[in-house]
Amino acid sequence: MTRPTIDEKTIAGVCEVLRSGWITSGPKVKEFEQMLSALFGGRPVRAFNSGTATLEIALRLAGVGPGDEVITTPLSWVATSNTILTVGARPVFVDIDPFTRNINLDRVEEAITPATKAIMPVDLAGLAVDRDRLARIAAAHGLRVIEDAAQSLGSRWDGRLIGSSGDLVSFSFHPNKNVTSIEGGCLVMNCDAEASLAEQYRLQGVVRSGTDGMDVSVLGGKFNLTDVAARVGIGQLEKLEEFTLARRDLAWLYFELLESAEMKELGLRLPLPDFRQTNWHMFQVVLPDRRISGGRAAVMEAMKAQGIGTGVHYPPIHLFTLYRGMGWKPGDFKYAEEIGRNILTLPLFPGMTSEDVRRVCVTLASVIRSLTVQAS
Ligand SMILES: *Cc1c(COP(=O)(O)O)cnc(C)c1O
């Protein structure tokens, strides 16, 4: 469904880092952080070795721990709510809006309790959650906002680049994201004090001073990014705009083809056509519920047989065994469940051609037609 585009200049840059004698966290991480900070209007940024680590550190900075609740969406990569559990808090899921497929902000306030510490929204497929409403809800209730923006690097809300405003904003640079550092992530923060605490959490809580001074006052872990990874990230970040535009063109073509008369009758639900603001991290259709023989799996297998990879992003988190064991059950979040059952990610990455998109659409149409259960 996706494939990173790594140019020769980046590959040569990685070789230089490998030959330099400094391969773990060093000057390239600093350079990467500075580039990111410049992108986000000068806000402090620190890089970590995964998006998951970044979310965990954001939760720690927000003071989230045992006994606290964090409001989030059930339709995300499981890392989102796993990190809430990791810091000892409890995720409180709020069902999605079926059109945006993101957390339904109309339902957030009723989920707030005295134990609520933070809201963690996710911009699924890059489509931004309403940042103005989020900020209003958070301010009215004294909550932190930890934006899981793993998928929305390059997206905007009301013209503002995600990360350039807001509270704590977490990105991932996993290879399936729009910009990769192989593995990695970064957190955008509000002030330098927060950034230096994040540095402590990143590496064993260590603070150095003078020539030989070292102290540890908080418990940190091992979450630092390597210079090799940072060099990949630098080469990728230079291409952010180019990647976003390439994705947008391909997404535009998907709409054009899938909205044609003969495709419309397939009953696919398309994403919101937010061309001005979305980074098109993914192009996801929702298949008609229970009308396809063998369901989504049959569609995926038939597409694969034609050499086209598709994916599922995501099954609803609350129905995983771990989460059922904590009390969640089918029926809890009807939209997340229906969409989680039928959502299908089509191939979309900057290296694709329009011919590729055409072939995906033609193949998808013929696969769905051949599997559709005739209502009689
Ligand atoms: C990718 C992703 C993460 C985790 O990032 P990693 O770098 O894989 O740890 C978290 N949340 C969402 C929504 C993601 O898509």
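In each ligand, atom 1 is the first atom listed, and ligand 1 is the first ligand listed.
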> Restricting to ring pair (Phe, Tyr, Trp, His ring centres under 6.0 Å), what partner residues turn up for Tyr335, sequence neighbours left out?
none
> If a pair satisfies ring-ring contact (aromatic ring centres under 6.0 Å, His included) and one of its residues is in residues 23-45, list it, with sequence neighbours excluded.
Phe32-Phe173, Phe40-Phe171
> Taking Asn190's backbone N and O only, do any of them form a donor-acceptor pair with Glu194's side chain (distance below 3.5 Å, no angle check)?
yes
> Compute both the distance and the angle, then confirm whether Arg202 meets the cation-pi test with Phe48: under 6.0 Å from the six-membered ring centre, within 45 degrees of the axis.
yes
> Pairs of nitrogen or oxygen atoms, one from ligand 1 and one from the protein, closer than 3.5 Å: please tabulate them with distances.
{"unit_1": "ligand 1", "atom_1": "5 (O)", "unit_2": "Ser172", "atom_2": "OG", "d": "3.2"}
{"unit_1": "ligand 1", "atom_1": "7 (O)", "unit_2": "Gly51", "atom_2": "N", "d": "2.7"}
{"unit_1": "ligand 1", "atom_1": "7 (O)", "unit_2": "Ser172", "atom_2": "OG", "d": "2.7"}
{"unit_1": "ligand 1", "atom_1": "9 (O)", "unit_2": "Gly51", "atom_2": "N", "d": "3.2"}
{"unit_1": "ligand 1", "atom_1": "9 (O)", "unit_2": "Thr52", "atom_2": "N", "d": "2.8"}
{"unit_1": "ligand 1", "atom_1": "9 (O)", "unit_2": "Thr52", "atom_2": "OG1", "d": "2.5"}
{"unit_1": "ligand 1", "atom_1": "11 (N)", "unit_2": "Asp148", "atom_2": "OD1", "d": "3.3"}
{"unit_1": "ligand 1", "atom_1": "11 (N)", "unit_2": "Asp148", "atom_2": "OD2", "d": "2.7"}
{"unit_1": "ligand 1", "atom_1": "15 (O)", "unit_2": "Gln151", "atom_2": "NE2", "d": "2.9"}
{"unit_1": "ligand 1", "atom_1": "15 (O)", "unit_2": "Lys177", "atom_2": "NZ", "d": "3.2"}

> Got a sec, which residues hit salt bridge (charged side-chain N to carboxylate O under 4.0 Å, His left out) with Asp249, two or more places apart in sequence or on another chain?
none
> With a 3.5 Å distance limit and no angle check, can you tell me whether Ser37 reaches the backbone of Gln34 through a side-chain donor-acceptor pair?
no
